[in-house]
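Predicted, not measured: the structure shown is a model, and the values here were computed from it. Order of the sequence lines fixes the chain letters, A, B, ..., with proteins taken first and strands second; residue numbering starts at 1 for each chain.
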2 protein chains.
Amino acid sequence: MSEGELFAAFRTHERWMAEAMKEARSAQEKGEVPVGAVVVRDGLVIGRGHNQVESLSDPTAHAEILAIGAASGHGEGWRLTDTTLYVTLEPCTMCCGAILLARVGTVVFGAADPRAGGVVSTGRLLDGNPYRQQIEVVGGISATECGAVLSDFFQARRD
Amino acid sequence: MSEGELFAAFRTHERWMAEAMKEARSAQEKGEVPVGAVVVRDGLVIGRGHNQVESLSDPTAHAEILAIGAASGHGEGWRLTDTTLYVTLEPCTMCCGAILLARVGTVVFGAADPRAGGVVSTGRLLDGNPYRQQIEVVGGISATECGAVLSDFFQARRD
């Protein structure tokens, strides 16, 4: 990849991460931990989701699970091989597992999660996929913004 | 625990695993990989589920996720601290993560899954819970029966 191509790829990632951030803000408005995700195929969002654990009273209602569920029901079978998942926070163990099962092609995350992130922080759960597809991973896209909405949320909760 | 108490606990596990097996058979009737799960609190099933990945076109629609989702919406908040999850097959990475997030107290599984099981086979994902609750794990309850329904399914699919 040339420098120009790398820069273009980075800008594309930032653009879609902004869509995921919109979802994070929807979570924030509901008083949920602000994490958002979108699944993109061929330049179109085919699934979106934000954290709704409290609203749905369901601990599995993470942004990624809802976005993958929406994208998988999009009409071309449930495999998401040719898609990119953008998520504002490093996926947890559950969401890493969902990414593997869904055969997501590329995962782009924003802020790292030192406590529960399963991609690079507490484990490397996207390596050594038992379902035999290599997943491309990009971390740190718009990380400051993605992280700030979370720290603001937890700061406000403590106050 | 006395020998009598151990035996009684074993019988209780077998009884609830039979309920999870009923769910596995519901999956089988739909042509789904036959895995079933129930969540039990105070001697009552408060959530049940069977694998519905194909029917729902959703790779996250595993038995455990559906059972946990049902139990969490049961009316006393989404935390499942005082529950036992019975599942016919060793949970995968995603379902181990869901078990941690849901604060399930005890997990009892039937057959091990050497390819994708995250409890003892390919990892020990229920150890070192980032959400700070120790999970009790029992494996191998009615393992022969739980495994046979799966091997029969895959054998029939190959034929």
Side-chain angles (χ1 to χ4, degrees), chain A residues 33 39 47 49 51-62 64-81 83 90-104 113-119 121-133, chain B residues 33 39 47 49 51-62 64-81 83 90-104 113-119 121-133:
Chain A
V33 176
V39 176
N51 178 37
Q52 292 197 66
V53 167
E54 302 300 337
S55 324
L56 300 179
S57 188
D58 185 346
T60 74
H62 278 195
E64 301 95 311
I65 298 286
L66 299 174
I68 287 172
S72 296
H74 195 251
E76 299 172 54
W78 55 259
R79 285 173 184 77
L80 299 178
T81 314
T83 66
E90 181 187 353
C92 72
T93 299
M94 173 181 71
C95 292
C96 285
I99 287 162
L100 296 172
L101 287 164
R103 278 71 165 173
V104 170
D113 182 356
R115 176 166 164 255
V119 181
S121 294
T122 71
R124 302 197 60 96
L125 297 173
L126 298 184
D127 301 351
N129 187 348
Y131 313 108
R132 301 206 188 87
Q133 184 202 339
Chain B
V33 177
V39 177
N51 178 36
Q52 293 198 65
V53 167
E54 303 300 337
S55 324
L56 300 179
S57 188
D58 185 346
T60 75
H62 278 196
E64 301 94 313
I65 298 286
L66 299 175
I68 286 172
S72 296
H74 194 250
E76 297 172 56
W78 55 259
R79 284 173 184 77
L80 300 177
T81 315
T83 66
E90 181 186 353
C92 72
T93 298
M94 173 181 71
C95 293
C96 284
I99 287 162
L100 296 171
L101 287 163
R103 279 71 165 171
V104 170
D113 182 356
R115 175 166 164 256
V119 182
S121 295
T122 70
R124 301 197 61 96
L125 297 174
L126 298 184
D127 300 351
N129 187 348
Y131 313 109
R132 299 202 191 91
Q133 184 202 340

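- Neither the backbone nor the side chain of B:H74 has a heavy atom closer than 4.5 Å to any heavy atom of chain A.
- Put simply, of B:V53, B:L56, B:L125, the one with the most heavy-atom pairs under 4.5 Å next to chain A is B:V53.
- Contact between A:M94 and B:I65 at its shortest, heavy atoms only, is SD-CD1, 4.5 Å.
- Of the inter-residue distances, the one linking B:L126 atom CG with B:E90 atom CD reads 9.0 Å to the nearest 0.5 angstrom.
- At distances below 3.5 Å, not a single donor-acceptor pair connects side-chain atoms of A:T83 with backbone N or O atoms of A:V104.
- When each of B:C92, B:A102, B:A70, B:G123 is scored by its heavy-atom pairs under 4.5 Å with chain A, the top score falls to B:A102.
- When the candidates B:R115, B:R103, B:R79 are compared by the number of heavy-atom contacts under 4.5 Å with chain A, B:R115 comes out ahead.
- The backbone N or O of A:D58 sits nowhere less than 3.5 Å from a side-chain atom of B:S72 that would complete a donor-acceptor pair.
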